[in-house]
Amino acid sequence: MGYAQVYEWSSLQRAPIAGMVMSILTKYSNKVLTELPDLDNKSD
């Protein structure tokens, strides 16, 4: 999807839900947000 490179993600880790795994990505930006982005907006 172009959000991050494969190597930027952590290795798989246990998720809080039994039987599930997750990977973590931390991105830093020097951009100052004046409001939180709408993460539910699927139009992007």
Going by side chain to side chain contact (heavy atoms under 4.5 Å, CB included), name the residues that satisfy it together with S11, two or more places apart in sequence or in a different chain. none
Going by the rule side chain to side chain contact (heavy atoms under 4.5 Å, CB included), which residues pair with L25 if we only count those two or more places apart in sequence or in a different chain?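 Checked L25 against side chain to side chain contact (heavy atoms under 4.5 Å, CB included); matches are Y3, A4, E8, W9, K27.
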Side-chain hydrophobic cluster, 4.5 Å single linkage: members besides M20: I17
Considering only Ile, Leu, Val, Met, Phe, Trp and Tyr, and joining two whenever side-chain heavy atoms are under 4.5 Å apart, list the other residues clustered with V6. none
Can you list the residues that meet the side-chain hydrogen bond (donor to acceptor under 3.5 Å, both in side chains) rule with Q13, with sequence neighbours excluded?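 Q13 satisfies side-chain hydrogen bond (donor to acceptor under 3.5 Å, both in side chains) with S10 once adjacent residues are dropped.
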